[in-house]
Amino acid sequence: MTAKVLIVTGDAAESLEVLYPYQRLREEGYEVVVAAPSRKTLQFVVHDFVPGFDTYTEKAGYTWPADVAFEDVDPAEYVALVIPGGRAPEYLRNDPQVKRIVAHFFEGDKPVAQICHGPLITLPGGALTGRRTAAYPALELDVTGAGAVYEDAEAVVDGQLVSARAWPDHPGWMREFVRILRDKAPVE
């Protein structure tokens with residue numbers, strides 16, 4: 001039986017932050033399952049930086065099918081969790097099913113990878129209190145205000161949690177996450 005990794009996401013997630021870990025983890029031999037508020041085709045976005053803009057711009061990105069709705073997720077079936085960024089975490093953090101799923105992974109000390117705005121999902125339940133984490137730099141106040149320690153780095157490892165700032169950090173972020181997965185939940 002193949003080890004399964006869950007990606008929790010929704011509409012307006014950053015395309016690269018969903019698809020890079022999806023492909024990288026499949027390459028390692030994991031079965032990767034995309035969970036969303038409902039089982040439907042999701043519309044991802046592309047965030048990019050344009051000279052003269054004070055923040056990133058957003059364009060429509062790829063569409064991708066969600067494999068399962070949050071309410072149908074049994075987190076015990078999964079060895080790890082990935083939380084991409086983009087705008088999806090802004091509304092997913094309020095979803096009681098997402099809170100249930102995230103709590104399972106942190107309470108079970110299972111590997112979790114989060115990137116960019118992903119900490120917006122893990123902060124409300126207190127999972128990051130006292131932990132070190134990277135996040136999109138604009139979230140530094142959110143992170144520290146919730147009792148976590150913000151680190152401006154490509155890949156921050158705190159126990160089973162691996163975090164990064166944004167999609168340019170993918171190589172370091174996934175390198176550290178895969179290292180933990182190989183140790184904690186190797187593919188058979």
Side-chain angles (χ1 to χ4, degrees), residues 3-10 12-35 44-50 55-58 61-62 64 78-90 92-93 102 105-106 108-123 127-144 146-187:
K4 296 193 318 187
V5 176
L6 184 67
I7 296 179
V8 168
T9 195
E14 163 57 52
S15 292
L16 290 173
E17 293 174 2
V18 177
L19 297 177
Y20 182 81
Y22 179 88
Q23 292 173 334
R24 181 65 189 93
L25 295 170
R26 288 192 63 210
E27 189 176 76
E28 284 292 316
Y30 293 92
E31 180 183 341
V32 182
V33 176
V34 174
F44 297 149
V45 297
V46 173
H47 289 143
D48 205 357
F49 300 93
V50 176
T55 188
Y56 53 83
T57 61
E58 182 174 283
Y62 293 104
W64 198 263
Y78 300 89
V79 298
L81 174 66
V82 176
I83 305 171
R87 281 188 301 113
E90 293 173 10
L92 295 179
R93 65 182 165 179
V102 168
F105 286 91
F106 279 93
D109 198 30
K110 291 182 172 182
V112 175
Q114 64 182 10
I115 190 167
C116 195
H117 285 73
L120 290 177
I121 289 176
T122 54
L123 285 168
L128 298 185
T129 303
R131 289 184 178 264
R132 298 175 302 110
T133 188
Y136 188 71
L139 296 185
E140 181 177 0
L141 291 176
D142 299 272
V143 168
T144 58
V149 176
Y150 173 81
E151 289 192 14
D152 185 9
E154 177 184 58
V156 175
V157 178
D158 186 324
Q160 305 303 319
L161 173 66
V162 181
S163 58
R165 296 169 295 202
W167 57 261
D169 295 338
H170 279 164
W173 178 55
M174 275 293 111
R175 183 180 317 112
E176 292 300 321
F177 190 59
V178 166
R179 182 183 58 76
I180 288 172
L181 278 176
R182 286 176 179 163
D183 180 55
K184 184 93 173 176
V187 175

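Nothing fancy with the numbering, it's 1 onward along the sequence.
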Colleague: Which heavy-atom pair separates Arg132 from Val156 by the least distance, and what is that distance?
Modeller: NH1-CG1, 3.7 Å

Colleague: Rounded at 0.5 Å granularity, tell me how far CG in Leu81 sits from CZ in Phe105.
Modeller: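 One gets 5.0 Å once the value is rounded to the nearest 0.5 Å.
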
Colleague: Rounded to the nearest 0.5 Å, how far apart are CG of Leu92 and CG of Leu120?
Modeller: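 The CG atom of Leu120 is 10.0 Å from CG of Leu92, to the nearest 0.5 Å.
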
Colleague: Before giving the answer on side chain to side chain contact (heavy atoms under 4.5 Å, CB included), spell out for Val18 and Tyr62 the whole-Å C-alpha distance, their side-chain angles and the decisive distance to 0.1 Å.
Modeller: CA-CA 10 Å; Val18 177; Tyr62 293 104; over 6 Å; no

Colleague: Test your reading of the model: is there a side-chain donor-acceptor pair from Glu17 to the backbone of Gly85, 3.5 Å cut-off?
Modeller: yes

Colleague: Could you state the interatomic distance from NZ (Lys110) to CD1 (Ile180), rounded to the nearest 0.5 Å?
Modeller: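 The distance works out to 15.0 Å.
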
Colleague: Quick one: closest heavy-atom pair of Val46 and Gly61, and the distance?
Modeller: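 Between these two residues, the closest heavy atoms are CG2-CA, 3.8 Å.
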
Colleague: What's the shortest heavy-atom distance between Val45 and Ala12, and which atoms?
Modeller: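 Shortest heavy-atom contact: CG2-O, 3.4 Å.
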
Colleague: Taking all non-hydrogen atoms of both residues, which atom of Ala153 and which atom of Ala134 are closest, and how far apart?
Modeller: O-CB, 3.7 Å

Colleague: Using only atom types and a distance under 3.5 Å, with no angle test, would you say the side chain of Thr133 pairs donor to acceptor with the backbone of Ser163?
Modeller: no

Colleague: Donor-acceptor pair, distance only, cut-off 3.5 Å: does the side chain of Thr144 make one with the backbone of Val149?
Modeller: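 No, because the side chain of Thr144 does not come within donor-acceptor range (under 3.5 Å) of the backbone of Val149.
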
Colleague: CG of Leu161 to CD of Glu176: how many Å apart, nearest 0.5 Å?
Modeller: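 Interatomic distance, Leu161 CG to Glu176 CD, rounded to 0.5 Å: 12.0 Å.
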
Colleague: Glu31: which residues meet the side chain to side chain contact (heavy atoms under 4.5 Å, CB included) condition with it, sequence neighbours left out?
Modeller: Thr2, Lys4, Val33

Colleague: Going by the rule salt bridge (Lys or Arg N to Asp or Glu O under 4.0 Å), which residues pair with Arg26 if we only count those two or more places apart in sequence or in a different chain?
Modeller: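 Partners of Arg26 by the salt bridge (Lys or Arg N to Asp or Glu O under 4.0 Å) criterion come out as none, since no residue qualifies.
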
Colleague: Quick one: salt bridge (Lys or Arg N to Asp or Glu O under 4.0 Å) partners of Glu154, sequence neighbours excluded?
Modeller: none

Colleague: Are Arg179 and Val157 packed together at the side-chain level, in the sense that at least one heavy-atom pair is separated by less than 4.5 angstrom?
Modeller: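 Yes, their side chains come closer than 4.5 Å.
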
Colleague: Specify the closest pair of heavy atoms between Cys116 and Leu139, including all atoms of both residues, with the distance to one decimal.
Modeller: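 It is O-CD1, 3.6 Å.
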
Colleague: Quick one: CD1 on Ile121 to CG on Leu128, what's the gap to the nearest 0.5 Å?
Modeller: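 Here the interatomic distance stands at 11.0 Å.
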
Colleague: Sequence neighbours excluded, which residues qualify as side chain to side chain contact (heavy atoms under 4.5 Å, CB included) partners of Ala146?
Modeller: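 Only Leu123 meet the side chain to side chain contact (heavy atoms under 4.5 Å, CB included) criterion with Ala146.
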
Colleague: Are any of the side-chain heavy atoms of Val82 and Tyr22 separated by less than 4.5 Å?
Modeller: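 No, side chains not in contact.
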
Colleague: Excluding sequence neighbours, so at least two apart, what forms side chain to side chain contact (heavy atoms under 4.5 Å, CB included) with Asp152?
Modeller: Tyr150, Arg165

Colleague: What residues, two or more places apart in sequence or in another chain, satisfy side chain to side chain contact (heavy atoms under 4.5 Å, CB included) together with Val178?
Modeller: Arg24, Leu25, Glu28, Arg182

Colleague: What orientation do His117 and Tyr136 show, parallel under 30°, tilted 30 to 60°, or perpendicular over 60°?
Modeller: parallel

Colleague: Please verify the inter-ring angle class for His170 with Tyr20; under 30° counts as parallel, over 60° as perpendicular, anything in between as tilted.
Modeller: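 The arrangement is parallel - the two ring planes meet at less than 30°.
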
Colleague: When rounded to the nearest 0.5 angstrom, what distance separates CH2 in Trp64 from CD1 in Ile7?
Modeller: 9.5 Å

Colleague: A side-chain contact here means heavy atoms from C-beta on lying under 4.5 Å apart; do Glu14 and Pro84 qualify?
Modeller: no

Colleague: Less than 4.5 Å apart, side chain to side chain, heavy atoms only: is that true for Val79 and Val5?
Modeller: yes

Colleague: Over all heavy atoms of both residues, which pair between Trp167 and His47 is shortest? Give the atoms and the distance, please.
Modeller: NE1-O, 3.2 Å

Colleague: Could you tell me whether the side chain of Trp173 and the main chain of Ala166 form a donor-acceptor pair under 3.5 Å?
Modeller: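 No: the side chain of Trp173 does not pair with the backbone of Ala166.
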
